[in-house]
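This report refers to the structure that appears directly beneath it.
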2 protein chains.
Amino acid sequence: MRYSQDHKAQTYQRIVKEASARFRRDGIGATGLQPLMKALGLTHGGFYAHFKSKDDLVETALRDACEELNGLCEEVFARQDPLPAFIDTYLSKSHRQTPEHGCPLPTMAAEMGQRGEASPIADETIRLRLQMLGKALGETEGDAQSIVMLSTLVGALLLSRSVQDSEFSDHILDTVREHLKQPLVKPANA
Amino acid sequence: MRYSQDHKAQTYQRIVKEASARFRRDGIGATGLQPLMKALGLTHGGFYAHFKSKDDLVETALRDACEELNGLCEEVFARQDPLPAFIDTYLSKSHRQTPEHGCPLPTMAAEMGQRGEASPIADETIRLRLQMLGKALGETEGDAQSIVMLSTLVGALLLSRSVQDSEFSDHILDTVREHLKQPLVKPANA
DNA sequence: TGTACATCAGTGAACGCGCGTTCACTGATGTAC
DNA sequence: TGTACATCAGTGAACGCGCGTTCACTGATGTAC
């Protein structure tokens with residue numbers, strides 16, 4: 001059946017959005033194309049009218065997730081003092097509980113590293129994040145502070161998600177959040 | 001064929017060791033029992049003479065990986081000033097390149113979080129790590145410093161492994177390593 | 001404006017494959033006599 | 001010590017299942033006349 005002019009583009013976007021959410025929630029390997037299409041009320045065969053392969057979708061969905069997040073972040077980074085707000089958002093219980101609408105790095109970084117050589121998608125995602133953080137931190141020389149902060153944010157969210165004990169999970173988030181919101185001043189020496 | 005008395009125990013250990021390596025390198029979902037057994041010169045059917053299920057093996061292998069690492073760490077933590085040595089080891093290129101002999105958290109934490117409720121294996125792994133770090137940091141009150149440090153270590157290793165550009169990957173490791181080795185003194189205020 | 005035709009997004013059965021798991025079987029060993 | 005038997009770690013075919021992918025087909029729509 002042929003549909004109205006932009007129907008294909010709409011379906012394409014629906015697939016990308018659903019995939020982007022599922023990849024971030026369940027990971028790439030654990031996300032099947034059949035269930036994904038079914039969730040959209042479509043059959044799996046139609047997938048290949050839109051994408052060359054699952055890998056093609058992964059690439060597209062990750063890029064889309066990145067852009068979506070940049071959109072959300074711009075709002076935060078437009079404020080007077082963006083850093084505490086960003087940290088609060090990143091290490092919030094809401095971000096922990098809804099990975100499908102959050103940063104792809106905690107769930108997907110491990111799988112991204114094991115993908116084929118030709119895909120610098122992790123590099124792009126990380127570099128973009130560092131740029132944003134660098135600006136928020138007022139970093140003029142190098143990117144040391146933003147690299148350390150991104151590592152800490154990603155690690156803390158990952159750990160808090162992996163833990164079963166919800167009090168322990170909260171404790172991890174709370175502790176790291178409070179630590180990162182302290183002013184970043186380097187001591188001369190101990 | 002029936003083998004010598006401790007033959008079964010030896011095979012059991014061989015399976016655990018191989019699984020512990022593969023889970024840490026490839027993740028749980030991407031590790032098949034058939035290839036695993038084949039790599040040990042065994043057929044896959046024999047697996048169920050040793051384990052109730054794949055989940056059973058996962059539990060056992062993770063616990064084994066933890067103990068193995070604690071053994072390695074004890075050596076490091078017996079030194080005079082253990083913390084810099086631990087940081088150097090954790091954020092070394094060797095640790096980045098050989099996940100199969102390293103910390104399970106960067107590769108497996110995401111998958112551990114998605115496993116059934118009854119498995120507090122991630123909690124145990126993390127608590128144990130924090131205890132060790134707490135001692136090395138000379139932490140007397142609370143565990144804030146060790147939680148932040150563990151988050152940063154895990155995040156940095158994860159990011160450095162996910163990245164394709166090897167210079168960028170080195171840069172992440174080097175930056176975080178140098179940052180963490182600075183004396184941990186909290187500034188009064190900015 | 002009305003009709004015939006071409007398009008192609010989506011359908012759904014089928015492909016080979018590897019997964020975790022089961023199971024009847026084998027045969028070298030330890031044990032009992 | 002020698003023989004008959006029980007054990008059970010390991011074998012390998014088979015189970016149903018879901019995966020990514022292919023493909024002949026459908027039929028509502030846009031287009032051409």
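Atom set for the values below is all heavy atoms of this structure, side chains included, hydrogens, waters and symmetry mates excluded. Labels below follow one simple rule: chain letters A, B, ... track the order of the sequence lines, proteins then strands, and each chain is numbered from 1.
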Quiz item: For D/dG10, does either OP1 or OP2 sit under 4.0 Å from a side-chain N or O belonging to B/His44?
Solution: no

Practice problem: Give the ring-plane orientation class for B/His50 versus B/Tyr12, where under 30° counts as parallel, over 60° as perpendicular and anything between as tilted. | Solution: tilted

Quiz item: Taking atom C1' of C/dT21 as reference, at what distance in whole Å does atom CG of B/Leu57 sit?
Solution: 14 Å

Practice problem: For B/His171, look at atom NE2 and say whether over 12 heavy atoms of other residues, nucleotides or ligands are found less than 6.0 Å away. | Solution: yes

Practice problem: Return no unless some side-chain N or O of A/Thr11 is found under 4.0 Å from OP1 or OP2 of C/dG10. | Solution: yes

Self-check item: Nearest-nucleotide 5' precedence on DNA chain D, B/Leu42 against A/Pro35
Solution: B/Leu42

Quiz prompt | Nucleotide nearest B/Thr43 when distance is taken to its side chain, options C/dT22, D/dG10, C/dA13 | solution = D/dG10

Exercise. Look at all strands and tell whether B/Gly45 reaches a base, only sugar-phosphate, or nothing, counting heavy atoms closer than 4.0 Å.
Key: base

Quiz item: Quick one: is D/dA28 close enough that its OP1 or OP2 comes under 4.0 Å of any side-chain N or O from A/His7?
Solution: no

Practice problem: Output yes when A/Arg24 and A/Glu68 qualify as a salt bridge under the 4.0 Å nitrogen-oxygen rule, no when they do not. | Solution: yes

Quiz item: Does a side-chain N-to-carboxylate-O contact under 4.0 Å join A/Glu124 and A/Arg129?
Solution: no

Quiz item: With respect to the side chain of B/His50, which nucleotide from D/dG10, D/dT22, D/dA9 is positioned closest?
Solution: D/dG10

Quiz item: How many Å lie between CG on A/Asp6 and P on D/dT29, as a whole number?
Solution: 14 Å

